[in-house]
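Down below is the structure, laid out as C-alpha cells.
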Amino acid sequence: MGKLAAQYQMPVIEDDVYFELSHDKAQPLPAKYWDKEGYILWCSSISKTLAPGLRLGWCLPGRYFDRFYQQHHSTSMGVNSLVQDCIAEFLLCGDYRRHLNALRPILQSQMHQYRQFLSENLPDSTQISAPQGGLVLWLRVPDLDTNALAEQALQQGIDIRRGSCFSTHPDYNDCFRINCGWPLFHGVDSDSAQAQLHRLCKLTQRQTVTLKGLTP
C-alpha cells in the first residue's frame, strides 16, 4: 500500500479504529509501517476501546502534517484539555494496556457467541464474517433487501448498518453489519442483546421467506 501510494503520489487514509482490539496476542502491523514517503495518514481513536463519548482520537498525517493541522485548526471547535490529560495519564501508568488485555478475550468470546447464535437462527444461505479482531460482524443474506430490513428493525428499536451505507456499489445491498459489543446472554428483558438479536433474526427470516414467494 505504501509503495502504491508513493508511486501514484496519492494520499491514503488508514482508519485503524480496531487496531488495538486484535484477538491474537500479536497485533497486525498497519499499512503505515511500510510507508516510507509519508503518503499514508494513519488515524485512530479511543472510541472503540474506552468510550465513544470521549470524542478523542489521533492522527499521523505524514507529509501532510501542515495541511492537516490547518484543516483541523479551522474546523475543530477545540478540545477538552482535561480529558486529554486524563487519558494521557491512563496511558502512561499502564492501566490502558491492562484494560486492553482484559477487553480483547471478552470481545473474542462475544463474537463467537454472536456468530453461533446467528448461524442457528438465520437462513442456511447466510454468510457471516469471521474477523480476527474488533467488535462487529458483517452478514450477507442473498437477495435480502437490507434497506427494508433496517426500517423494520428500527421500528422495533434495533439499529443495524446496511451495506449501502458503506459503498455506492449495489453488490452490497444484501449485506448488513451488527455490533457485538454487548454481552449476548446478559439479561432476559426485551431490551437485552439476545432478545433484540432474536427479533432481528425473525425479521430476516420473514423477509427471506417472502422473497421466495412463500407465506410467512
Side-chain angles (χ1 to χ4, degrees), residues 1-6 9-111 114 129 131-138 159-168 172 175-183 193:
M1 179 66 72
K3 289 183 178 180
L4 285 175
Q9 299 183 354
M10 178 66 65
V12 175
I13 299 176
E14 184 176 11
D15 186 4
D16 212 358
V17 292
Y18 298 115
F19 170 68
E20 296 176 300
L21 295 181
S22 172
H23 297 165
D24 298 325
K25 292 184 178 180
Q27 293 179 338
L29 292 173
K32 182 66 175 178
Y33 177 82
W34 290 276
D35 179 30
K36 306 302 181 183
E37 305 295 332
Y39 283 99
I40 294 182
L41 295 86
W42 186 34
C43 56
S44 185
S45 75
I46 59 171
S47 63
K48 310 300 182 184
T49 56
L50 282 180
L54 293 175
R55 310 300 297 168
L56 189 63
W58 52 264
C59 180
L60 293 178
R63 63 171 54 231
Y64 302 102
F65 178 84
D66 291 338
R67 292 167 60 184
F68 172 84
Y69 179 81
Q70 293 173 3
Q71 181 71 15
H72 184 271
H73 182 71
S74 62
T75 59
S76 174
M77 300 300 293
V79 296
N80 189 323
S81 298
L82 178 60
V83 170
Q84 285 190 330
D85 290 343
C86 290
I87 297 302
E89 180 62 26
F90 193 55
L91 292 168
L92 289 172
C93 72
D95 284 345
Y96 183 64
R97 179 56 52 192
R98 284 186 283 272
H99 163 72
L100 290 177
N101 290 338
L103 180 63
R104 289 193 194 102
I106 293 175
L107 290 179
Q108 183 179 21
S109 176
Q110 288 177 191
M111 296 277 276
Y114 272 73
S129 66
Q132 299 303 307
L135 47 79
V136 299
L137 288 175
W138 276 100
D159 189 18
I160 62 173
R161 293 293 180 267
R162 301 157 290 165
S164 58
C165 294
F166 297 86
S167 175
T168 57
Y172 303 102
C175 299
F176 64 96
R177 192 186 77 176
I178 63 171
N179 187 337
C180 304
W182 295 98

Measure the spacing between CG of Leu135 and OH of Tyr18 and express it to the nearest 0.5 Å. 5.0 Å
Check: Asp16 main-chain N/O paired with Ser44 side-chain donor or acceptor under 3.5 Å: yes
Interatomic spacing from CG in Leu137 to OH in Tyr114 - rounded to 0.5 Å: 9.0 Å
Distance-only, no hydrogens or angles: does the Gln110 side chain make a donor-acceptor pair with backbone N or O of Cys180 under 3.5 Å? yes
Using only atom types and a distance under 3.5 Å, with no angle test, would you say the side chain of Ser22 pairs donor to acceptor with the backbone of Asp24? yes
Might you confirm whether atom CD1 of Ile13 has over 12 heavy atoms from other residues, nucleotides or ligands at distances under 6.0 Å? no
Taking atom types as modelled and ignoring hydrogens, do the side chains of Thr49 and Tyr96 form a donor-acceptor contact shorter than 3.5 angstrom? yes
So, for Tyr33 and Trp42, is the gap between ring centers shorter than 6.0 Å? no
List the atom pairs, with distances to 0.1 Å, where a side-chain N or O of residues 78-87 and a protein N or O form a donor-acceptor pair under 3.5 Å, not counting sequence neighbours.
from	atom 1	to	atom 2	distance (Å)
Asn80	OD1	Leu82	N	3.1
Asn80	OD1	Val83	N	3.1

Roughly how far apart are Asn179 CG and Arg161 CZ, rounded to 0.5 Å? 9.0 Å
Does some side-chain heavy atom of Tyr172 sit less than 4.5 Å from a side-chain heavy atom of Trp138? no
Looking at Ile40, is its backbone amide N or carbonyl O close enough to the side chain of Lys32 to form a donor-acceptor pair, meaning the two atoms are under 3.5 Å apart? yes
Under 4.5 Å between any side-chain heavy atoms of Met111 and Pro131, yes or no? yes
With a 4.5 Å heavy-atom cut-off, do Tyr39 and Gln9 have their side chains touching? yes
Separation between CG (Leu21) and CD (Gln108), nearest 0.5 Å, reads 11.5 Å
Going by atom type alone, with no hydrogens or angles, which donor-acceptor pairs under 3.5 Å involve a side-chain atom of residues 50-73 and a protein atom two or more places apart or on another chain?
from	atom 1	to	atom 2	distance (Å)
Arg63	NE	Glu37	O	2.9
Arg63	NH2	Glu37	O	3.1

So do the side chains of Lys3 and Lys36 get within less than 4.5 Å of each other, counting heavy atoms only? no
May I have all residue pairs that pass salt bridge (Lys or Arg N to Asp or Glu O under 4.0 Å) and include part of residues 88-108, sequence neighbours excluded? Asp95-Arg98
Look only at the side chain of Glu14 and the backbone of Cys43, and say whether a donor-acceptor pair between them is shorter than 3.5 Å. no
How many angstroms lie between atom CZ of Phe90 and atom NE2 of His99, to the nearest 0.5 angstrom? 6.0 Å
